[in-house]
Amino acid sequence: MAYWLMKSEPEVFSWDDLVAKGAQGEEWDGVRNYQARNNMRAMKLGEKAFFYHSRTATEVVGICEIIAEAHPDSTTDDPRWECVDVRAVQPFPQPVTLAMCKADPRLADMVLVNNTRLSVQPVRDSEWAVVCELGGL
DNA sequence: GCCAACGTTGGC
DNA sequence: GCCAACGTTGGC
């Protein structure tokens with residue numbers, strides 16, 4: 001079971017927007033980056049991902065679940081781009097900010113800290129546990 | 001809003 | 001295949 005982290009600008013699509021979609025979830029479309037796409041292709045049904053607010057909030061706000069594996073992105077005719085569907089599972093009692101991640105030596109190798117521009121990224125098991133702890137879960 | 005980092009494109 | 005130009009992302 002792999003863990004992931006997915007970024008979204010809250011002005012475009014926020015955690016609250018995903019929560020509002022309920023059990024049907026939402027397509028994680030719009031990714032136009034090969035690395036990010038490859039990560040989505042590797043996602044399996046039922047795997048969990050952190051939902052991260054980029055740019056204005058820069059914090060992990062909740063946990064979502066993969067409810068559909070990679071399929072063509074409905075927002076483009078370009079067959080290169082695929083996306084998965086996700087639904088909100090659980091918000092963090094306390095959001096985990098980027099600053100908190102940078103400050104914790106256990107997260108020094110986290111992709112979020114080292115490759116800021118990758119919007120869909122893998123999270124190691126140990127990192128998943130640390131972020132959950134920091135978030136009060 | 002600015003700018004650095006990174007990815008992609010296209011001319012050669 | 002190289003590399004300059006350009007576009008986009010995301011932290012600040």
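Here the structure is a predicted model, which is why all the values come from computation and not from measurement. Every chain is numbered from 1, with letters handed out A, B, ... down the list of sequences. Atoms considered below: every heavy atom in the structure, side chains included; atoms not considered: hydrogens, waters and symmetry mates.
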Tabulate protein N/O versus nucleotide N/O from nucleotides 1-3 of chain B, keeping only pairs under 3.5 Å, one per line.
from	atom 1	to	atom 2	distance (Å)
B/dG1	O6	A/Arg55	NH2	3.4

Please write out each protein N/O paired with an N/O of nucleotides 7-9 of chain B under 3.5 Å, distance rounded to 0.1 Å.
from	atom 1	to	atom 2	distance (Å)
B/dG7	OP1	A/Gln35	OE1	3.4

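Residues that satisfy the side-chain hydrogen bond (donor to acceptor under 3.5 Å, both in side chains) test with A/Asn33, not counting sequence neighbours, are absent from this structure. Shown here are the side-chain hydrogen bond (donor to acceptor under 3.5 Å, both in side chains) partners of A/Glu47, two or more places apart in sequence or in another chain: A/Trp4. Residues meeting the ring-ring contact (aromatic ring centres under 6.0 Å, His included) test with A/Tyr52, sequence neighbours left out: none. With sequence neighbours excluded, the residues satisfying side-chain hydrogen bond (donor to acceptor under 3.5 Å, both in side chains) with A/Ser14 are A/Asp17. Partners of A/Phe13 according to the ring-ring contact (aromatic ring centres under 6.0 Å, His included) rule, which considers only residues two or more places apart in sequence or in another chain, do not exist here. Legend: residues meeting side-chain hydrogen bond (donor to acceptor under 3.5 Å, both in side chains) with A/Asp78, ordered by chain and number and at least two apart, are A/Arg80.
A tilted orientation is assigned to the rings of A/Tyr34 and A/Trp81, their planes being inclined by 30° to 60°. Classified by interplanar angle (parallel below 30°, tilted 30° to 60°, perpendicular above 60°), the ring pair A/Phe50/A/Phe92 is tilted.
Rounded to whole angstrom, the span from the OH atom of A/Tyr52 across to the C1' atom of C/dG10 amounts to 8 Å. Distance NE2 (A/His53) to P (C/dG10): 13 Å, rounded to an integer number of Å. Between the NZ atom of A/Lys7 and the C1' atom of B/dA5 there is a distance of 12 Å, rounded to whole Å. In this entry the distance linking CD of A/Glu11 with P of C/dG11 reads 12 Å, nearest Å. Atom pair A/Asn114:CG and C/dG10:P shows a separation of 15 Å (rounding to whole Å applied).
Screening residues 97-106 of chain A for side chain to side chain donor-acceptor pair (under 3.5 Å) gives A/Asp104-A/Arg106, A/Arg106-A/Glu133 as the qualifying pairs, with residues at least two apart or on separate chains. Under the salt bridge (Lys or Arg N to Asp or Glu O under 4.0 Å) criterion, the residue pairs touching residues 52-70 of chain A are A/Glu9-A/Arg55, A/Glu65-A/Arg87, with sequence neighbours excluded. Each salt bridge (Lys or Arg N to Asp or Glu O under 4.0 Å) pair with one or both residues in residues 24-36 of chain A, not counting sequence neighbours, appears once here: A/Lys21-A/Glu26, A/Arg32-A/Asp73.
Taken residue by residue, residues 102-111 of chain A places heavy atoms nearer than 4.0 Å to DNA chain C at A/Lys102.
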